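A quick write-up on the structure given underneath.
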Amino acid sequence: MNSFFSTKNWNKFFLYLLFICSTFSIAATDASITTLYLITLISWIWYRQMSQLRNPLLWSILFFIAAAVLSGLLNAYETEHLMALRTNWRLLLPLLLAVILADIDEEQLLSVFFGFVMLISIYGIIQYFTGADWLRPEGQQLTTPFSSGTSTESPVFHGKGNFSHHLTYGGFLLLCFPLVCSFIFCKGWSPFARLVTAIIAVVVLLGIGASLGRSIWLGTAVAITILLFRLSPKLMLAFIILVIAGGTYFYSQFSEPSFQNRTPTNRIEALQQRFISGFMPQSNQDRILMWEAGISAIQDHFWLGIGYGNDSDIMPVYREKISERTGHRFHNSAGTGIHNIYLQTWINYGIFGFLGHLSILIIFLWQSILTLYRTTPYSFENSMLWAGIAGVSGFMVAGFFENNFRDGEVQAMLMILIGLNLHQIQKMKERIFSH
């Protein structure tokens, strides 16, 4: 009976719950993370084993959180500085996963997780064609038709799974895709398991397409490029040439000024229009001018930023100046941010918050790349590290065009991916010191 209620079993239960619920429920995801925090805290107090205290990633996370809170405390504006802490509380999850994954069958856990990722991907694909939102009650559904700049009914919808926004859904799948794709080549898995994984990877890729998120597509292309480099630099180069040639062709076919105002008559044209619009300055004017407003705000609030949650109060002034000069009317409210996580972090938390945010991602990539050289090619550890490097790199590129690092679902998935990688790093260190 005592073994049934052991810390190991509780960790296993809530870890599975975390991975499963991360695909469709932020409430259940946060509840799982909170419980894992509590179990780990009790375990640390009881056994006094804090193995991650020397990990530089821990200190970069604490530095970022401290910078976010201090920005609010020292700011000239009234801010809910503790909300900054609440927004970033999931960031410590990887350090817990690095330890508790030692008691879990990782391959079994991933197999279950991949199954749920496939289901939510299929759901997004169905939404693309039908706009279905079955998992929400009547009256609370968030069906989002693709807008092409006209009032005519669109033939397609944004895939968003059970999330509130298509970029949240796309960001989640962007982090999942390289994790799934990397294990297609894992030598420790059976041919059948690798075939099923390949099928799931294709479904996830289609789900990413269904999100209609251009930044997500770009981040996915970066992740694919990195994974192809793992296989062969020549394959990577061929892929880059193919993407450039294809983009040039589509751009030349649909680059006339009236293109962005044309109503797509079928689903293929909708995808073409969404893709090509990413290369057209007029289609991205709103985002470019939001960045300009953000840079102006940074110049005035370089050190401390404007504080958490103050965008709707402070940023309209900078937008009005741009509107007066250009005549442009912004499509989104100032409270939605500027669609660039790096500028957005600097605006809210100042220079130290910006540097703290970057340090988390850079230290993670640095640790993963160094450990990669110690692994056997196409082993489980090697596959996981490549997935983390590709996923985080693609996510960082996509971050130039969106703020979804702050979306709970995306942040949780990012921390899960980093945690899986930290565990591989921990395993490789233990093997070195055991010899």
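All values reported here derive from a predicted model rather than from experimental measurement.
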Determine whether [X] and [Y] make a side-chain contact, defined as any pair of heavy atoms from C-beta on separated by less than 4.5 Å.
X    : Y    : value
L420 : L179 : yes
F63  : I360 : no
L15  : L101 : yes

**Message:** Any salt bridge linking D105 with K12? Criterion: basic side-chain nitrogen under 4.0 Å from a carboxylate oxygen.
**Reply:** no

**Asked** What do you reckon, are the aromatic ring centroids of W89 and Y37 less than 6.0 Å apart?
**Response**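 When the ring centroids of W89 and Y37 are compared, they turn out to be within the sub-6.0 Å range.
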
How long is the gap from [atom1] on [X] to [atom2] on [Y], to the nearest 0.5 Å?
X    : Y    : atom1 : atom2 : value
L417 : L93  : CG    : CG    : 11.5 Å
T34  : L18  : OG1   : CG    : 10.5 Å
T7   : I42  : OG1   : CD1   : 8.0 Å
I347 : I314 : CD1   : CD1   : 11.5 Å
L372 : I425 : CG    : CD1   : 10.0 Å
E409 : I26  : CD    : CD1   : 4.5 Å

On a heavy-atom basis, which atom in [X] and which in [Y] lie closest, and how many Å separate them?
X    : Y    : value
I216 : N404 : CD1-ND2, 4.1 Å
I184 : A201 : CD1-CB, 3.9 Å
R329 : S323 : NH1-CB, 3.1 Å
H166 : G159 : CB-O, 3.5 Å
L173 : S121 : CD2-OG, 3.6 Å

**Message:** Under the ring pair (Phe, Tyr, Trp, His ring centres under 6.0 Å) test against Y123, which residue among F163, Y128, W134, Y169 passes?
**Reply:** W134

**Message:** Can you tell me which residue among W346, F364, F405, Y349 is in a ring pair (Phe, Tyr, Trp, His ring centres under 6.0 Å) with H357?
**Reply:**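 Passing option: F405.
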
Do the side-chain N and O atoms of [X] and [Y] include a donor-acceptor pair separated by under 3.5 angstrom?
X    : Y    : result
Q424 : K427 : yes
T29  : R90  : no
R230 : S383 : yes

Quick check against the 3.5 Å criterion: does [X] have a side-chain atom that pairs as donor or acceptor with the backbone of [Y]?
X    : Y    : value
N11  : I100 : no
Q127 : G161 : yes
N340 : L343 : yes
Y342 : M396 : yes
S368 : L365 : no
T345 : I341 : yes
W303 : G350 : no

**Message:** Applying side-chain hydrogen bond (donor to acceptor under 3.5 Å, both in side chains) to Q108 and Y16, what does each step give before you reach the verdict?
**Reply:** CA-CA 10 Å; Q108 187 180 70; Y16 269 87; 2.9 Å; yes

**Message:** If you count heavy atoms of other groups shown closer than 6.0 angstrom to CZ of F229, is the number above 12?
**Reply:** no

**Heavy atoms of other groups near E78 CD, more than 12 under 6.0 Å** = no

**Message:** Under the criterion side-chain hydrogen bond (donor to acceptor under 3.5 Å, both in side chains), I'd like the reasoning laid out for E402 against S215: C-alpha separation, chi angles, the key distance, then a yes or no.
**Reply:** CA-CA 7 Å; E402 61 194 29; S215 57; 2.3 Å; yes

Please state whether the rings of [X] and [Y] are parallel, tilted or perpendicular, taking 30° and 60° as the class boundaries.
X    : Y    : result
F330 : H328 : perpendicular
F114 : W189 : tilted
F380 : F183 : tilted
F113 : F172 : perpendicular

**Asked** Could you go step by step and tell me if N284 and F401 meet the side chain to side chain contact (heavy atoms under 4.5 Å, CB included) rule?
**Response** CA-CA 10 Å; N284 296 280; F401 307 95; over 6 Å; no

**Item:** Worked verdict on Q344 versus D311 for side-chain hydrogen bond (donor to acceptor under 3.5 Å, both in side chains)
**Value:** CA-CA 9 Å; Q344 188 68 57; D311 297 71; 2.7 Å; yes

**Asked** Yes or no on side-chain hydrogen bond (donor to acceptor under 3.5 Å, both in side chains) for R319 and S296, after CA distance, side-chain angles and deciding distance?
**Response** CA-CA 10 Å; R319 289 189 171 204; S296 297; over 6 Å; no

